[in-house]
Colleague: 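Structure below; questions to follow.
A, B, ... follow the sequence lines: proteins, then strands. Residue 1 opens every chain.
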Amino acid sequence: MAGKVKWVTDIEKSVLINNFEKRGWVQVTENEDWNFYWMSVQTIRNVFSVETGYRLSDDQIVNHFPNHYELTRKDLMVKNIKRYRKELEKEGSPLAEKDENGKYLYLFVSQSNKEAYVISLYINNPLLIGGRKFDLRLYVLVSTYRPLRCYMYKLGFCRFCTVKYTPSTSELDNMFVHLTNVAIQKHGDDYNHIHGGKWTVSNLRLYLESTRGKEVTSKLFDEIHWIIVQSLKAVAPVMNNDKHCFECYGYDIIIDDKLKPWLIEVNASPSLTSSTANDRILKYNLINDTLNIAVPNGEIPDCKWNKSPPKEVLGNYEILYDEELAQGDGADRELRSRQGQSQGPRAGRSRDSGRAVLTTWK
Amino acid sequence: MLQEESDLSLIIAQIVQKLKGSNLYSQLERQAWGSWEKRILKSLNSMCTELSIPLARKRPVGEQKELLNKWNEMGTDEPDLSLFRPVYAPKDFLEVLINLRNPNYENGDSLSFRTHLGLIQVPLKVKDIPELKECFVELGLNTGQLGIDDSTQVPPELFENEHVRIGQKVLAEQDSAAAQQYIRQGSPTALRAELWALILNISSEPEDVLYYEQLKTNVIQHDLLVDSLIYKDVKLTASNDDYYFVFEDYLYQVLLCFSRDTSVLSHFAYNSASPPKSYIRGKLGLEEYAVFYPPNGVIPFHGFSMYVAPLCFLYHEPSKLYQIFREMYVRFFFRLHSISSHPSGIVSLCLLFETLLQTYLPQLFYHLREIGAQPLRISFKWMVRAFSGYLATDQLLLLWDRILGYNSLEILAVLAAAVFAFRAVNLMEVTSLAAAEAVLADLSTLKVMPLLQIFLFATVT
């Protein structure tokens, strides 16, 4: 039984391959017996499509849920969230009263190809730092949707535009100002290969606490976590919660100047390309920690396991929401911002003494 | 940084020559600084001549309009800076300090100084660890600290909550002295901006904002050669920094105004240096045609913008940011690049660092000396920059809290020694200066307060 994990991938990235090799896993092709397949979103479509009649065995794990697009396609996510909110309203849950937090999406119409993305509200008052616009990239790992168990990676980052932000409409055509994705920024003239225009989330936190205060900063981070959990809860009922699957999402979030977060989109296949040395280290560690959770002990997996890894293997992940725990003992087990060092939120110390509890996320 | 190596040795020789036979520290300071200043100005003037750019000129109206429009995004400008060189870098300055000599060798208390094996050869009085412990008593093991007692493992009820509460009270009462005492134990992030302003006596009155706007107008109307040096410095240092690149534009706004701020000249009254002078074209040597150049009397060196950069994490309103920086400069930072005998002056800090190392880590010190890696050669740049750009920002701010709290820069020398102590094991294994530099290249993971605490209070002396 103690064979080596056999892996396949169709994404040739060193941060992946180095992680497989360091575990002593064996590379195979997809036609052979494999245990672990890190696949692109195209491949997952084939694996689970009705025509191919693929059947995964108990010792096989893949890195996508079959219908992740319920979350990662904006039109479907909107649909799911609307449905979810209606359900909450019916239940009379106070959450339904909650504002359109994170429910509106970001529109950009490209001058060049006139393709309209879905919807709706254009945030014209983004929070600027140093006069620059930025967005947040956060990584969230979901090991199961029912019960929902998800983890937030502590080391997210901010991506800054290299060009100054101005809200005038003529600037709307300037791709470098408005789209903060690194892949596009990289081709701007001012792109820097040392820092890549990126800040850690802990820098953001330090800056906001220093200039805006602790409470509003903690509230911001709590709301960010809330948005993420809500988006996952909204799609949980319709997700194919296949036990062979886990998924690591890239959440793109933008913050407005009232320190309110807005969800831009969710990526099922966040980029594993590295733009700087720091980036490479971050992504390498991200994959490492992801594999430690998804494939316990680096051994041949058994997809029937309870998907409850011990705390020690989490690495830079923290529990964002664990439905079982939340329902089990009636206490809030979700991630909370906490006072203390500006290194991003941490689970661990209970911080309920005297602080207004934001929401109950049941 | 310098063109002519021969120039350097000539000038140093001149400095040494001048110092022979003089009796007083102040004379030492004046002459040493005078020669250094001459050298810097010479460098500036020759750059001027080579590039055919005047030290100062009035901008044509069109250019003024353009600059005004671009005021908030000067970083996007890409002027050709390839021909500009920083006037000097910290290591050039170190060479000057190394060659300082006190001709009064018979002085009684310099007996022990004869065994000093470091680079600094001026026998100034520096504190030892028992004296430092007394001085920095609030950093002791039994006192709560931010930077130690606010970490995850420590319940906030033990120290942090109460400390925050006291901080809020100090702010509410606007008690500057109390704030200074309070901040010795570190400042909560949310209170830091206000606490520093309180300690530095900065309140943003309308006239302060007006003064800043006036400086800005000055920048718009006149172009100084020094401006290009500032641009170059920002592009070389802050723009490449993981933490500070975001604030590039603020740095231009602050530093360009700073170089035109003649109120900065008043700090020369307690600075043993004097501001460099230049002469209107064609009137060389005629005192009535002498002007201070740049107007604030401060010629920026390589890394100068890093004094401003960390402040951008605290203040996002330009005139406030400006005021805070200016006050920090005239109270503290100027001492890091002027020659003086002041206990917080860079000469004393260097000597303090070397003495601490030689006294309390003699094995390490001798080893490094043996392999041609005099420790000061590595730590000098940290101290000159007050560790900006070397530490993670949250750690740097905790360090600067203590500079304000103790009104002294000595903590920089102590930290430098503590860093060496921390990495002593690895340093004992190296066999070259380059290898020693490599061991000490990355300080970004260091936690300053535990390091300081252990070095001062938990090391066997």
Colleague: Does B/Phe159 have more than 12 heavy atoms from other residues, nucleotides or ligands lying within 6.0 Å of its CZ?
Modeller: yes
Colleague: Would you indicate whether the side-chain heavy atoms of A/Arg132 and B/Asp249 approach each other to under 4.5 Å?
Modeller: yes
Colleague: Out of curiosity, B/Leu314 CG to A/Glu209 CD, how far, rounded to the nearest 0.5 Å?
Modeller: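 Interatomic distance, B/Leu314 CG to A/Glu209 CD, rounded to 0.5 Å: 12.0 Å.
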Colleague: Could you check whether the rings of B/Phe245 and A/His195 sit parallel, tilted or perpendicular, using 30° and 60° as the cut-offs?
Modeller: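 Because their plane-to-plane angle is under 30°, the rings of B/Phe245 and A/His195 count as parallel.
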Colleague: Give, as side chain, backbone, both or neither, the part of B/Leu397 having an atom under 4.5 angstrom from any heavy atom of chain A.
Modeller: side chain
Colleague: Give the ring-plane orientation class for A/Trp199 versus B/Phe247, where under 30° counts as parallel, over 60° as perpendicular and anything between as tilted.
Modeller: perpendicular
Colleague: Could you tell me which residues satisfy side chain to side chain contact (heavy atoms under 4.5 Å, CB included) with A/Arg280, sequence neighbours excluded, listed by chain and number?
Modeller: A/Val15, A/Ser274
Colleague: In Å, rounded to the nearest 0.5 Å, how long is the span from OG of A/Ser210 to CG of B/Asp394?
Modeller: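 A/Ser210 atom OG to B/Asp394 atom CG measures 9.5 Å (nearest 0.5 Å).
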Colleague: Contact between A/Asn203 and B/Val246 at the side-chain level, heavy atoms closer than 4.5 Å - yes or no?
Modeller: no
Colleague: Measure the CG-NE2 distance between A/Leu128 and B/His316 for me, rounded to the nearest 0.5 Å.
Modeller: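 That separation rounds to 11.5 Å.
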Colleague: For the interface with chain A, which of B/Cys312, B/Ala193, B/Ala190 has the highest count of heavy-atom pairs at distances below 4.5 Å?
Modeller: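 Heavy-atom pair counts peak at B/Ala190.
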Colleague: Examine whether an atom of B/Ser187 lies under 4.5 Å from a heavy atom of chain A, and if so say whether it belongs to the side chain, the backbone or both; otherwise answer neither.
Modeller: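 It is neither, since no heavy atom gets under 4.5 Å.
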Colleague: Going by the rule side-chain hydrogen bond (donor to acceptor under 3.5 Å, both in side chains), which residues pair with B/Gln145 if we only count those two or more places apart in sequence or in a different chain?
Modeller: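 In terms of side-chain hydrogen bond (donor to acceptor under 3.5 Å, both in side chains), with neighbours along the sequence ignored, B/Gln145 is linked to B/Arg402.
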Colleague: Using 0.5 Å steps for rounding, measure from the CG atom of B/Asp242 to the CG atom of A/Asn278.
Modeller: 5.0 Å
Colleague: Look up atom OG1 in A/Thr211 and atom CZ in B/Phe313, then write down how far apart they are to the nearest 0.5 Å.
Modeller: 10.0 Å
